[in-house]
Protein chains: 2
Amino acid sequence: MLSKKTKYGLKALTFLAKVKDREPIQIAEIAKHENISQKFLESILLTLRRNGFLGSKKGKGGGYYLIKEPEDILMTTVMRVLEGPIAMVPCVSLNFYEKCDDCPDEEGCSVHKLMLQVRDSALEVYRNNTLADLL
Amino acid sequence: MLSKKTKYGLKALTFLAKVKDREPIQIAEIAKHENISQKFLESILLTLRRNGFLGSKKGKGGGYYLIKEPEDILMTTVMRVLEGPIAMVPCVSLNFYEKCDDCPDEEGCSVHKLMLQVRDSALEVYRNNTLADLL
DNA sequence: TTTTACCCTATAGTTTTAGTAGATTATCTA
DNA sequence: TAGATAATCTACTAAAACTATAGGGTAAAA
């Protein structure tokens, strides 16, 4: 299942991508427009800022704004930041690899075999989609 | 993330698919061979039996055995039984569809758009793999 | 001094991953 | 045929992890 964190994060990004002249939008406004718990959204926007997608401005007239062009925001990056590994199993993860402790033979593992294909197919989708494609 | 339930279930299925003449294998043996908690595996095998993948036999010489040919066991079915919906969001699920309560416009939703592609790509993988392909 | 993002903590709820205890059924043996 | 044994079956419980959200205070910008 996609976490609400990711869902909300994606919605916030697409919302901000539509804003004219990238002027700052307040958390409250995004939350209201997208039906998101404001406090939850707060933490999501924070991680999006820390990971280089958004900029922020404090005080009156402040808020969040996109600091990249939507065309340059790949879904692979967004998903990894918000949702974590794209692979469904650590032993087939490119960026978060970990050996299964219960599995002696990775090459002979049926789960490994299947999940490798699933990872590749998901990866292809995410690589072929930028934020601009979702608008 | 893939649940351990699914992971163990897949491992058990591939293990049983390799058994000569489909003779019954005890839970304990599968659990030991695949490093799985026996009691947990017990409940997994039960749902696999209830869903028509396995047969069981009680008493001495009893155990579980495959009742279909591995070539006839599609991963779509297995995944839906063990893991649940293949879609990451209910609003793009074929078998478990549900409307998002926070989302007024499904067609205009960026998450919907993206997850539809992810679902289709995953579905293609699962459709192209039977249990036999994992051996 | 108001407005906004920032930061930390707590918590209710849910899901996952088991573990415990015993009932039930089939087979084997005396 | 009776009883012992071997296995699945069932239900309940529980610990742990994760998710989603709320509260309250701090810092910075206007």
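No hydrogens, no waters, no symmetry mates; every other heavy atom, side chains included, goes into these values. The structure displayed is predicted, hence computed values, not measured ones. Just so it is clear: chains get the letters A, B, ... in the order the sequence lines come, proteins before strands, and each one is counted from 1.
The phosphate of C:dT15 has neither OP1 nor OP2 within less than 4.0 Å of any side-chain N or O from B:S3. Checking the phosphate oxygens (OP1, OP2) of C:dA18, no side-chain nitrogen or oxygen of B:S43 falls inside 4.0 Å. For the pair A:Y8 and D:dA20, the criterion of a side-chain N or O lying under 4.0 Å from OP1 or OP2 is not met.
A straight line from CD1 of A:I44 to P of C:dA5 spans 14 Å, rounded to a whole angstrom. Counting to the nearest Å, the C1' atom of D:dA27 and the CD atom of A:E42 are 13 Å from each other. Rounded to a whole Å, the CG atom of B:L46 is 8 Å from the C1' atom of D:dT10. Separating the CD1 atom of B:I36 from the P atom of C:dT16 is a distance of 17 Å, rounded to the nearest angstrom. Distance A:L45 CG to C:dA5 P: 9 Å, rounded to the nearest Å. Taking atom CG of B:L41 as the reference point, atom P of D:dA7 lies 15 Å away to the nearest angstrom. One interatomic measurement links the two molecules: CE of B:M1 to C1' of D:dT19, which rounds to 15 Å at whole-angstrom precision. Rounded to whole angstrom, the span from the NZ atom of B:K11 across to the C1' atom of C:dT17 amounts to 16 Å.
Note: B:F15 and B:H33 have tilted aromatic rings, judged against thresholds of 30 and 60 degrees for the angle between ring planes.
Remark: the B:K39 side chain and the D:dT10 base include a donor-acceptor N/O pair separated by less than 3.5 Å.
A salt bridge between B:E29 and B:K32 is absent, with no side-chain N of the basic residue lying under 4.0 Å from a carboxylate O of the acidic one. Using a 4.0 Å cut-off between charged nitrogen and carboxylate oxygen, A:D102 and B:K11 count as a salt-bridge pair.
Among the atoms of the strands shown, none is found under 4.0 Å from any heavy atom of A:Q38.
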For residues 127-135 of chain A, which side-chain donor-acceptor pairs fall under 3.5 Å, sequence neighbours excluded?
residue	atom	partner	partner atom	Å
A:N128	ND2	A:E124	O	3.1
A:N129	OD1	B:Q117	NE2	3.4
A:N129	ND2	A:V125	O	3.0
A:N129	ND2	B:Q117	OE1	2.9
A:T130	OG1	A:A132	N	3.2
A:T130	OG1	A:D133	OD2	3.2
A:D133	OD2	A:T130	N	2.7

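Cluster membership for B:Y65 and B:L13, using ILVMFWY side-chain heavy atoms within less than 4.5 angstrom, is not shared.
Of the residues in residues 48-59 of chain B, those placing a heavy atom less than 4.0 Å from an atom of DNA chain D are B:R49, B:R50, B:S56, B:K57, B:K58, B:G59, in numerical order. Of the residues in residues 20-35 of chain B, those placing a heavy atom less than 4.0 Å from an atom of DNA chain D are B:Q26, B:I27, in numerical order.
Side chain of B:D21 to backbone of B:E23: no donor-acceptor contact under 3.5 angstrom is found. With hydrogens and angles disregarded, no donor-acceptor distance shorter than 3.5 Å links the side chain of B:R80 to the backbone of B:I86. Put simply, the side chain of B:K39 never gets that close to the backbone of B:S43: no donor and acceptor are under 3.5 Å apart.
Both A:T6 and A:K60 lie near DNA chain D, and the one whose nearest nucleotide falls closer to the 5' end is A:T6.
If you check the side chains of A:S93 and A:E98, you find no donor sitting under 3.5 Å from an acceptor.
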